[in-house]
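Down below is the structure, laid out as structure tokens.
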There are 2 protein chains.
Amino acid sequence: MAQRKLFELCGTDPDRRFSPYCWRIRMALAHKGLDTETIPWRFTQGEAIAFANSKTVPVLIDGDQTVADSWAIAEYLDRAYPDRPALFPGHPASLRFTASWADRVLNAGLAKLIVSDIPGLLGDGEKKYFVESREKRFGMTLEQVTADREAKLPEFRASLQPLRAVLQQQPYVAGDSPDYADYIMFGGFMWARVVSPLQILEESDPLHGWMERMLDLFGGLARGVPARAAA
Amino acid sequence: MAQRKLFELCGTDPDRRFSPYCWRIRMALAHKGLDTETIPWRFTQGEAIAFANSKTVPVLIDGDQTVADSWAIAEYLDRAYPDRPALFPGHPASLRFTASWADRVLNAGLAKLIVSDIPGLLGDGEKKYFVESREKRFGMTLEQVTADREAKLPEFRASLQPLRAVLQQQPYVAGDSPDYADYIMFGGFMWARVVSPLQILEESDPLHGWMERMLDLFGGLARGVPARAAA
């Protein structure tokens with residue numbers, strides 16, 4: 001039995017892990033060099049993670065420690081493994097703003113472009129839960145949310161300018177090498193890559209080059225996951 | 001003669017230092033506990049800072065060192081004074097994204113609300129330079145840029161949500177105490193405070209509470225500067 005286990009969101013295909021928050025942690029564990037068994041988890045399997053007092057993944061079991069919530073897991077990893085490469089520069093609070101922007105601009109913007117692609121990955125029971133909960137959140141059908149999405153792409157891409165400008169100056173969000181700031185951002189783009197055929201980034205975009213570097217990290221860890229996009 | 005001198009932008013009134021980038025450094029110097037003589041500088045006084053190979057302020061003279069550009073100065077201060085409180089968490093590149101957002105969303109958004117207030121602070125020669133260069137940049141008169149600005153405030157305030165959410169979680173952008181991330185953001189709001197009567201933040205906004213804490217730092221260093229706003 002592996003000492004370390006990570007519960008990660010998927011749909012019918014256990015290889016297509018798509019949660020942006022699970023991807024933050026998958027990359028964080030690789031950054032720390034911590035071998036981890038990953039366990040596929042579906043929206044309808046609440047009882048499987050009830051032991052962690054959580055209704056959502058990621059959930060990490062590390063020996064006798066159980067930690068839920070991606071932010072708490074990342075903090076835990078730097079605290080528990082201080083001699084391995086740091087995820088946070090200095091202290092966790094220093095990346096709160098980066099995460100806040102990723103949640104409210106990047107991931108919220110991506111959701112409006114790709115959320116209607118997600119039910120196609122899910123089994124019947126999960127699909128019912130997902131569609132009902134998300135339609136309630138958006139106040140409209142998921143097809144209405146993503147209607148005319150090609151036309152909305154330019155405005156979304158423009159909203160990424162603060163991130164793009166950084167990646168015109170340095171190879172990673174964190175500087176010369178990646179840290180949790182990169183995994184925070186990467187989670188969103190990886191989510192889109194796995195669930196949607198929509199091409200979010202133009203190939204000429206500096207963000208596209210960064211994304212390619214991220215996909216190459218840790219022996220192509222993320223690149224090995226089937227992408228929905230044709231490209 | 002003080003060992004340390006900072007050239008800072010002002011207009012006819014030498015007390016009303018208003019550059020967002022000079023404010024970043026004024027606060028950074030106080031954070032490091034470095035006494036510094038500040039020298040008022042005007043847009044027309046290019047020859048006074050030519051020695052630094054710079055056309056803009058801030059410019060810092062520190063003993064035999066001369067450093068121009070706010071980012072370079074902040075990096076210099078952490079490098080030259082490593083035993084004093086750090087400005088950057090870990091390493092400077094970690095705040096590139098924060099600075100990029102502040103430049104492209106916060107300061108660019110503020111400029112569209114307040115730029116027409118700036119000529120009123122300037123002498124005739126500076127005013128001519130400022131109005132011509134900024135009207136060229138915006139492609140319209142400064143009055144056109146800020147037309148209907150009260151109506152544009154809700155959208156601008158909404159664009160601050162990623163920052164606001166952080167300050168609902170922790171007292172400073174950097175966490176429990178401020179660092180350069182706070183001074184980066186503060187520079188923009190302080191610029192608006194000194195040049196414009198427009199009330200940028202509602203008093204109920206968590207950003208307003210943070211701004212009050214920032215104005216109180218270092219014995220009320222920034223609060224002592226005359227504000228243009230009535231409040």
Side-chain angles (χ1 to χ4, degrees), chain A residues 31 69 71-72 74-75 78 82 85-110 155-186 188 206-207 210, chain B residues 31 69 71-72 74-75 78 82 85-110 155-186 188 206-207 210:
Chain A
H31 179 96
D69 178 79
W71 190 267
E75 287 191 326
D78 262 6
L87 290 165
F88 292 100
H91 54 279
S94 68
L95 289 187
R96 280 277 185 203
F97 177 72
T98 299
S100 181
W101 184 88
D103 292 347
R104 288 167 182 80
V105 178
L106 175 59
N107 291 354
L110 283 169
E155 186 181 348
F156 173 72
R157 288 170 178 160
S159 76
L160 305 178
Q161 189 54 32
L163 179 58
R164 182 176 295 117
V166 170
L167 295 165
Q168 284 169 324
Q169 288 186 295
Q170 55 192 37
Y172 295 99
V173 184
D176 292 333
S177 58
D179 74 7
Y180 199 57
D182 290 272
Y183 310 138
I184 286 170
M185 302 296 191
F186 174 76
L207 284 169
W210 164 79
Chain B
H31 179 96
D69 178 79
W71 189 268
E75 287 191 325
D78 262 6
L87 289 166
F88 292 99
H91 54 279
S94 68
L95 290 187
R96 279 278 186 203
F97 177 72
T98 299
S100 181
W101 183 88
D103 292 347
R104 288 168 182 80
V105 178
L106 175 59
N107 290 355
L110 283 169
E155 186 182 347
F156 172 73
R157 289 171 178 160
S159 77
L160 305 179
Q161 190 53 31
L163 179 59
R164 181 176 296 116
V166 170
L167 295 166
Q168 284 168 324
Q169 289 185 294
Q170 54 192 38
Y172 295 99
V173 184
D176 291 332
S177 58
D179 74 7
Y180 199 56
D182 291 90
Y183 310 138
I184 286 170
M185 303 295 191
F186 174 76
L207 285 169
W210 164 79

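All chains are named by letter (A, B, ...) in the order of the sequence lines, taking the proteins before the strands, and each is independently numbered beginning at 1.
Interatomic distance, CZ of A:R96 versus CD of B:Q170, reported as 6.0 Å (0.5 Å rounding). With rounding to the nearest 0.5 angstrom, the NE2 atom of A:H91 is 6.0 Å from the CG atom of B:D179. Note that CD of B:Q168 and OG of A:S100 are 9.0 Å apart. Values are rounded to the nearest 0.5 Å. The CZ atom of A:R104 lies 10.5 Å from the CG atom of B:L163; values are rounded to the nearest 0.5 Å.
No other option in B:P162, B:S94, B:A99, B:S159 has as many heavy-atom pairs under 4.5 Å with chain A as B:P162. Of the listed residues (A:A102, A:A174, A:A86), the greatest number of heavy-atom pairs within a distance under 4.5 Å of chain B belongs to A:A174. Contacts with chain B were tallied for A:G175, A:A181, A:G90, A:P92; A:G90 has the most, counting heavy-atom pairs under 4.5 Å.
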